[in-house]
Chemist: 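Following this message is one structure expressed as structure tokens.
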Amino acid sequence: MAILNILHYPDPRLHKVAKPVAQVDDRIRQLVKDMAETMYQAPGIGLAATQVDVHERVVVIDLSEEQNELRVLINPEILSRSDDTQVYEEGCLSVPGIYEEVKRASEIRVKALDENGQTQEFDADGLLAVCIQHEIDHLDGKVFIQRLSSLKHNRLRTKILKQRREKQLETVE
Ligand code: GNR
Ligand code: NI
């Protein structure tokens, strides 16, 4: 087991598009274990492989308080989304300290493989729907702040770059 390093925006590697997993084998199952451990210790409710610099389509999610309801989504696809939308205040382990409202479909139908390579198909709503859309965005190289208006996105970018500069200055002083 291992805790993996989480990339932080604006790292260009967060914008790579992840490749489909060709075979769910022990290598993928080990990646899933390490990603789950990394998510639990962060702590977060979801993690996409892109965030740990692995550009393959693997996602882990656990919305439970007890951290005992792990969901594994390999090659996840959204088969359909409702016209209805919901707004949720999102955060991201790759954009620490930033929380912004994002509008997404309120219900989605999802198809994915599990850690045994079995196909699962299900409907999701509420926070699960938010989280799955947020994670699939990561696999497509998109971070949630790119879902905001360009004005908001640019303001946040400037704020994040400024925070980073100040941090760097602290460490050389
Ligand atoms: O831990 C997380 N919380 C969260 C809250 C609202 C909407 C989405 C998320 S996902 C985030 C973990 C993360 O960055 N996953 O990519
Ligand atoms: Ni995220």
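Starting from 1, each residue takes its place in the sequence as its number.
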Chemist: Does the side chain of Leu161 come within less than 4.5 Å of Pro10's, by heavy atoms?
Modeler: yes
Chemist: Is it true that Asp137 and Arg147 make a salt bridge, defined as a side-chain N closer than 4.0 Å to a carboxylate O?
Modeler: yes
Chemist: Could Lys33 and Glu115 be called an ion pair, given the rule that one side-chain N must be under 4.0 Å from one carboxylate O?
Modeler: no
Chemist: Sub-3.5 Å donor-acceptor pair from the side chain of Gln51 to the main-chain atoms of Ala48, do we have one?
Modeler: yes
Chemist: Is there a donor-acceptor pair under 3.5 Å between the side chain of Asp84 and the backbone N or O of Ala105?
Modeler: no
Chemist: Please name all residues satisfying salt bridge (Lys or Arg N to Asp or Glu O under 4.0 Å) with Glu166, sequence neighbours left out, ordered by chain then number.
Modeler: Lys162
Chemist: We want to know whether Gln30 and Asp26 form a side-chain donor-acceptor pair, criterion being a heavy-atom distance below 3.5 angstrom.
Modeler: no
Chemist: Any side-chain heavy-atom pair from Arg57 and Asp140 closer than 4.5 angstrom?
Modeler: yes
Chemist: Less than 4.0 angstrom from a charged side-chain N to a carboxylate O is my criterion; do Arg81 and Glu107 meet it?
Modeler: no
Chemist: Distance check, rounded to the nearest 0.5 Å: Ile132 atom CD1 versus Glu77 atom CD?
Modeler: 13.0 Å
Chemist: Can you tell me how far CD1 of Ile98 sits from CG of Leu156, rounded to the nearest 0.5 angstrom?
Modeler: 5.0 Å
Chemist: Distance from Asp123 atom CG to Ser80 atom OG, nearest 0.5 Å?
Modeler: 7.0 Å
Chemist: Nearest 0.5 Å, please: how far is CG in Leu63 from CD in Gln67?
Modeler: 11.5 Å
Chemist: Give the intermediate values and the outcome of side-chain contact (heavy atoms from CB on, under 4.5 Å) for residues Val130 and Glu90.
Modeler: CA-CA 9 Å; Val130 171; Glu90 298 193 14; 3.3 Å; yes
Chemist: Check whether any side-chain heavy atom of Leu79 sits under 4.5 Å from a side-chain heavy atom of Val110, and report yes or no.
Modeler: no
Chemist: Are Val59 and Phe122 linked, directly or through intermediate hydrophobic residues, by side-chain heavy-atom contacts shorter than 4.5 Å (ILVMFWY only)?
Modeler: yes
Chemist: Let me check something: do Leu93 and Leu31 share a hydrophobic cluster, defined by ILVMFWY side-chain heavy atoms less than 4.5 Å apart, either directly or through other members?
Modeler: yes
Chemist: So do Met35 and Leu4 actually touch side chain to side chain, heavy atoms under 4.5 Å?
Modeler: yes
Chemist: I need the minimum non-hydrogen distance between Ser106 and Thr85, along with the two atoms involved.
Modeler: OG-N, 3.5 Å
Chemist: Contact between His55 and Thr50 at the side-chain level, heavy atoms closer than 4.5 Å - yes or no?
Modeler: yes
Chemist: Search all heavy atoms of Asp34 against all heavy atoms of Ala2 and return the closest pair with its distance.
Modeler: OD1-N, 3.1 Å
Chemist: Does the side-chain hydrogen bond (donor to acceptor under 3.5 Å, both in side chains) test come out yes or no for His153 and Gln146, once each step is laid out?
Modeler: CA-CA 6 Å; His153 177 203; Gln146 294 173 267; 5.6 Å; no
Chemist: Pick one: which of Lys16, Arg27, Lys19 meets salt bridge (Lys or Arg N to Asp or Glu O under 4.0 Å) with Glu56?
Modeler: Arg27
Chemist: Evaluate the side-chain proximity of Cys92 to His134: yes if any heavy-atom separation is below 4.5 Å, no if none is.
Modeler: yes
Chemist: Surrounding CG of Asp83 (heavy atoms of other residues, nucleotides or ligands, distance under 6.0 Å), is the total greater than 12?
Modeler: no
Chemist: How about CZ on Arg109, more than 12 heavy atoms from neighbouring residues, nucleotides or ligands closer than 6.0 Å, or not?
Modeler: yes
Chemist: To the nearest 0.5 Å, tell me how far Glu100 CD sits from Ile145 CD1.
Modeler: 8.5 Å
Chemist: With rounding to the nearest 0.5 angstrom, report the CD1 to CD1 distance, Ile136 to Ile78.
Modeler: 4.0 Å
Chemist: Counting only heavy atoms not in Tyr88, do more than 12 fall under 6.0 Å of its OH?
Modeler: no
Chemist: Is it true that, when you exclude Arg155 itself, more than 12 heavy atoms of the residues, nucleotides or ligands shown sit nearer than 6.0 Å to its CZ?
Modeler: no
Chemist: Is the backbone of Glu69 close enough, under 3.5 Å, to the side chain of Asp62 for a donor and an acceptor to pair up by distance?
Modeler: yes
Chemist: Return the orientation label for the His15 and Tyr9 ring planes: parallel under 30°, perpendicular over 60°, tilted otherwise.
Modeler: perpendicular
Chemist: Please report the closest heavy-atom contact between Val24 and Arg29, naming both atoms and the distance.
Modeler: O-NH1, 3.5 Å
Chemist: So if I apply the side chain to side chain contact (heavy atoms under 4.5 Å, CB included) rule between Met39 and each of Ile3, Val52, Leu47, which one comes out positive?
Modeler: Leu47
Chemist: Would you say CZ of Arg104 has more than 12 non-hydrogen atoms from neighbouring residues, nucleotides or ligands within 6.0 angstrom?
Modeler: yes
Chemist: Are Ile160 and Leu14 joined in one hydrophobic group, where the rule is that I, L, V, M, F, W and Y side chains link up if heavy atoms are under 4.5 Å apart?
Modeler: yes
Chemist: Linking I/L/V/M/F/W/Y whenever any side-chain heavy atoms sit under 4.5 Å apart, do Ile6 and Val143 land together?
Modeler: no
Chemist: Give a yes or no on whether Val60 and Ile74 share a hydrophobic cluster (residues Ile, Leu, Val, Met, Phe, Trp, Tyr; joining criterion: side-chain heavy atoms under 4.5 Å apart).
Modeler: yes
Chemist: Between Ile61 and Leu128, is there a side-chain heavy-atom distance shorter than 4.5 Å?
Modeler: yes
Chemist: Has the side chain of Asp11 got a donor or acceptor atom that lies under 3.5 Å from a matching backbone atom of Leu7?
Modeler: no
Chemist: Taking all non-hydrogen atoms of both residues into account, name the closest pair between Pro20 and Asn75 and its distance.
Modeler: CA-OD1, 3.4 Å
Chemist: Report yes if the side chains of Asp114 and Leu73 come closer than 4.5 Å at any heavy-atom pair, otherwise no.
Modeler: no
Chemist: So which atom in Ile45 and which in Cys131 form the shortest heavy-atom distance, rounded to 0.1 Å?
Modeler: O-SG, 3.9 Å
Chemist: Just checking Glu65: does its CD atom have more than 12 heavy atoms from other residues, nucleotides or ligands closer to it than 6.0 angstrom?
Modeler: no
